[in-house]
There are 2 protein chains.
Amino acid sequence: MAQKNTLLTISEQTGYSVSTISRVLSGKAKTYRISRETETLIKEAAQRLNYQPNLIAQTLRTQKSNTVGLLIPEVDNPFFASLAGIIIGILHSRGYHVLLADSRESARDEVQELRMFMSRSVDGIICIPVSSTPDFHEHVSSQIPMVLIDRHFKKTSLSYVCTDNYAGSRMATEYLLDKGYKRILAIQGVPDSMPNKERVRGFVDAIGVHGVDYKIAGNAFSVENGNREILAAFSGGREYDAVFAFSATILLGAIDALRRLNLRPGKDVGIISYDNNGFLDFMDPAVTRVEQPLREAGKVAVDTLMEIIAARRAGHPDPASRQILIPPTLVVRGSC
Amino acid sequence: MAQKNTLLTISEQTGYSVSTISRVLSGKAKTYRISRETETLIKEAAQRLNYQPNLIAQTLRTQKSNTVGLLIPEVDNPFFASLAGIIIGILHSRGYHVLLADSRESARDEVQELRMFMSRSVDGIICIPVSSTPDFHEHVSSQIPMVLIDRHFKKTSLSYVCTDNYAGSRMATEYLLDKGYKRILAIQGVPDSMPNKERVRGFVDAIGVHGVDYKIAGNAFSVENGNREILAAFSGGREYDAVFAFSATILLGAIDALRRLNLRPGKDVGIISYDNNGFLDFMDPAVTRVEQPLREAGKVAVDTLMEIIAARRAGHPDPASRQILIPPTLVVRGSC
DNA sequence: AAAGCCTGCGCAAACGATTGTGCAAATTTG
DNA sequence: CAAATTTGCACAATCGTTTGCGCAGGCTTT
């Protein structure tokens with residue numbers, strides 16, 4: 001029934017000018033001295049015609065879209081998907097729409113998607129960055145409010161909120177060491193990403209103190225990577241008595257490979273992981289792991305973004321760059 | 001560096017009119033007889049100025065946004081999230097951007113979000129519907145190409161692609177019956193949703209033939225629901241020897257509750273579930289389940305949408321409504 | 001009674017692209 | 001060589017909003 005009704009339609013129906021209609025419907029009736037009867041008349045017409053403002057035109061004119069661009073490395077990855085879900089939920093509750101894109105762990109695609117966000121006039125951007133140089137991101141941020149989450153750059157003025165991956169990794173490793181494991185294999189994710197680097201650092205530092213055998217292998221937050229690295233590490237005759245998986249996806253691959261090698265995860269080989277997935281409690285055995293406070297991180301990120309947006313709208317300088325590391329927690333179960 | 005450069009900027013730099021610039025940059029140089037040298041000159045200028053077309057203006061003018069709206073019931077729910085992830089991946093590979101919204105299982109919110117999609121001039125909509133009446137959806141579909149996925153309406157002309165939930169549920173139930181289970185508890189999800197109704201029907205039909213004890217309880221695809229219904233069903237003294245969880249989230253809640261009651265899932269109580277989650281293979285015990293071919297469903301849905309979009313652009317009538325049920329598969333593990 | 005002010009609203013210019021049409025100059029045709 | 005084309009591009013309208021400014025008519029002020 002209701003077709004594309006524009007301000008013009010209402011104007012023709014009521015006899016008032018398009019500008020008057022616009023002012024009434026955007027709640028600016030008082031400021032522009034529109035009489036009360038005109039106001040209700042117009043509102044009724046709008047109601048009757050089931051008028052819906054064209055958000056595209058609105059955005060073009062006002063340069064604000066009520067939309068936030070969310071850029072994650074991979075939609076397929078359950079960790080990013082779940083973090084994205086959390087952030088989207090928060091953004092919706094704040095009245096923002098969400099454009100979701102993924103960079104497929106590629107710096108080129110990342111640039112392209114960020115450009116796309118800019119040409120779409122998003123009001124802000126939340127980004128899990130992929131590239132290792134902040135240059136382009138700083139440029140984007142100079143045009144559109146942006147905050148990073150989960151990953152960040154070393155030297156940058158960008159605001160970010162991540163969890164303390166160094167602390168988390170160190171905590172996990174020390175737990176393994178306390179348990180008496182002597183030959184530890186860490187399977188990492190994307191090597192250049194900051195969380196991964198920090199986890200490696202935490203792992204090495206923890207090991208360093210105790211001086212046990214260890215190895216760091218792998219290169220992706222994927223099931224295949226976990227699988228491959230276990231097979232490679234255990235088929236060389238050189239075996240490990242504990243495995244530290246840097247993500248749940250890696251973990252699944254690792255467990256699968258171990259079973260294939262007739263090694264019982266949790267018994268023959270100690271297992272510890274990084275991730276929040278609720279399924280970890282129901283696995284065989286339940287997995288001891290480092291959990292990150294994702295919901296809190298998401299909230300802080302969105303809040304920070306909102307503040308930057310508000311500041312720029314008001315013509316103020318950005319709030320001081322907020323660079324936050326939230327401490328993760330060790331959830332002890334029976335896998336090591 | 002690169003600021004907001006528009007066609008006007010390039011026009012001023014090159015001396016050519018905005019229209020000429022536009023035609024060159026949108027590849028219509030030949031059709032409008034722009035000379036080759038003018039063309040390269042303009043392209044170089046665009047390059048140099050790092051011109052990015054304003055997608056909002058483009059959309060307003062052309063009425064196409066290269067964007068698809070994706071509406072799911074809940075971002076939090078891992079099943080929807082994973083299906084969304086799959087669809088988003090496919091859409092990206094087809095060159096579409098994605099606006100993601102969730103209806104929070106509320107028909108009101110659903111209408112609102114669909115309206116939002118319309119005022120954003122999305123080129124198409126993929127929707128997991130919540131409401132039980134197709135009226136508004138048919139209306140939307142008359143304005144913007146739309147296909148439903150996962151859930152559908154009984155009597156409707158809308159295209160949809162779902163999996164055959166009746167067959168899947170019946171298959172699972174018959175498997176349980178074959179195994180000799182005599183008192184079966186099914187824990188359902190959102191009762192009004194079509195997949196749920198179909199699963200109930202499949203369950204009941206399968207049971208009907210054999211005439212064993214059964215009960216259907218629950219009302220949400222959530223962990224809490226699984227938990228609650230197990231506690232309710234088993235604390236009444238009346239116990240069941242098998243549980244059919246209609247989703248993995250329900251399953252987790254159920255298993256947790258069973259353990260709390262000192263019942264070993266898979267041994268004391270048979271367990272079967274509906275869902276694809278990769279973790280199900282690593283649980284204790286690995287869960288026998290009905291898996292849905294989500295990737296295929298996603299592909300078919302996107303393809304169908306593309307065809308409708310193409311047809312309407314060409315001024316043709318829509319392709320015949322495509323209402324597809326893809327058969328699911330039973331993945332047998334050790335939980336029953 | 002002339003000068004000022006308030007009320008209530010319309011005009012028209014943006015925002016940045018696309019596109020039908022028009023019109024000189026250059027070229028071809030007969 | 002005049003007429004007919006063709007070439008190469010610019011003008012201006014348009015998509016649907018928002019918003020600065022202006023302007024009648026009525027009312028108040030001194």
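Residue numbering restarts at 1 for every chain, and letters A, B, ... go by the order of the sequence lines.
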- Nucleotide interval of DNA chain D bounded by contacts with chain A (heavy-atom cut-off, under 4.0 Å): dG16(D) to dG20(D)
Please name all residues satisfying side-chain contact (heavy atoms from CB on, under 4.5 Å) with [X], sequence neighbours left out, ordered by chain then number.
X	answer
Gln13(A)	Arg48(A), Leu49(A)
Thr62(A)	Lys64(A)
Glu39(A)	Val24(A), Ala29(A), Lys30(A), Arg36(A), Lys43(A)
Glu307(A)	Pro319(A), Arg322(A)

- Item | Sequence-aligned protein contact record of nucleotides 10-17 of chain C, with B where the base is within under 4.0 Å of a protein heavy atom and S where only the sugar-phosphate is | BBBBBBBB
- Task: Could you tell me whether Thr38(B) contacts a base, only the sugar-phosphate backbone, or nothing, with contacts defined as non-hydrogen atoms closer than 4.0 Å?
- Result: sugar-phosphate
- Residues that Tyr96(A) engages under side-chain hydrogen bond (donor to acceptor under 3.5 Å, both in side chains), provided they are two or more places apart: none
- Query: Can you name the residues that form a side-chain hydrogen bond (donor to acceptor under 3.5 Å, both in side chains) with Ser321(B), not counting sequence neighbours?
  - Reply: Gln323(B)
Pairs under 3.5 angstrom only: tabulate donor-acceptor contacts from the side chains of residues 67-88 of chain A to other protein residues two or more places apart or in another chain.
from: Thr67(A); atom 1: OG1; to: Ser65(A); atom 2: O; distance (Å): 2.9
from: Thr67(A); atom 1: OG1; to: Arg120(B); atom 2: NH1; distance (Å): 3.2
from: Thr67(A); atom 1: OG1; to: Arg120(B); atom 2: NH2; distance (Å): 2.6
from: Asn77(A); atom 1: OD1; to: Phe79(A); atom 2: N; distance (Å): 2.8
from: Asn77(A); atom 1: ND2; to: Phe221(A); atom 2: O; distance (Å): 3.3

Side-chain atoms of residues 107-118 of chain B: list all donor-acceptor pairs with protein atoms under 3.5 Å, sequence neighbours left out, distances to 0.1 Å.
from: Glu110(B); atom 1: OE1; to: Ser131(B); atom 2: N; distance (Å): 3.1
from: Glu110(B); atom 1: OE1; to: Ser131(B); atom 2: OG; distance (Å): 3.3
from: Glu110(B); atom 1: OE1; to: His137(B); atom 2: NE2; distance (Å): 3.2
from: Glu110(B); atom 1: OE2; to: Val130(B); atom 2: N; distance (Å): 2.6
from: Glu113(B); atom 1: OE2; to: Arg104(B); atom 2: NH2; distance (Å): 3.0

- Message: Tell me every residue that passes salt bridge (charged side-chain N to carboxylate O under 4.0 Å, His left out) with Arg295(A), counting only those two or more places apart in sequence or in another chain.
- Response: none
- Query: Using the C1' atoms of five pairs at each end, what's the angle between the two axes of the helix from dA1(C)-dT30(D) to dG30(C)-dC1(D), to 10 degrees?
  - Reply: 50°
- Query: For Arg33(B) and dG20(C), what is the distance between atoms CZ and P respectively, to the nearest whole Å?
  - Reply: 13 Å
- Under a 4.5 Å cut-off applied to non-hydrogen side-chain atoms, are Pro134(A) and Lys155(A) in contact? no
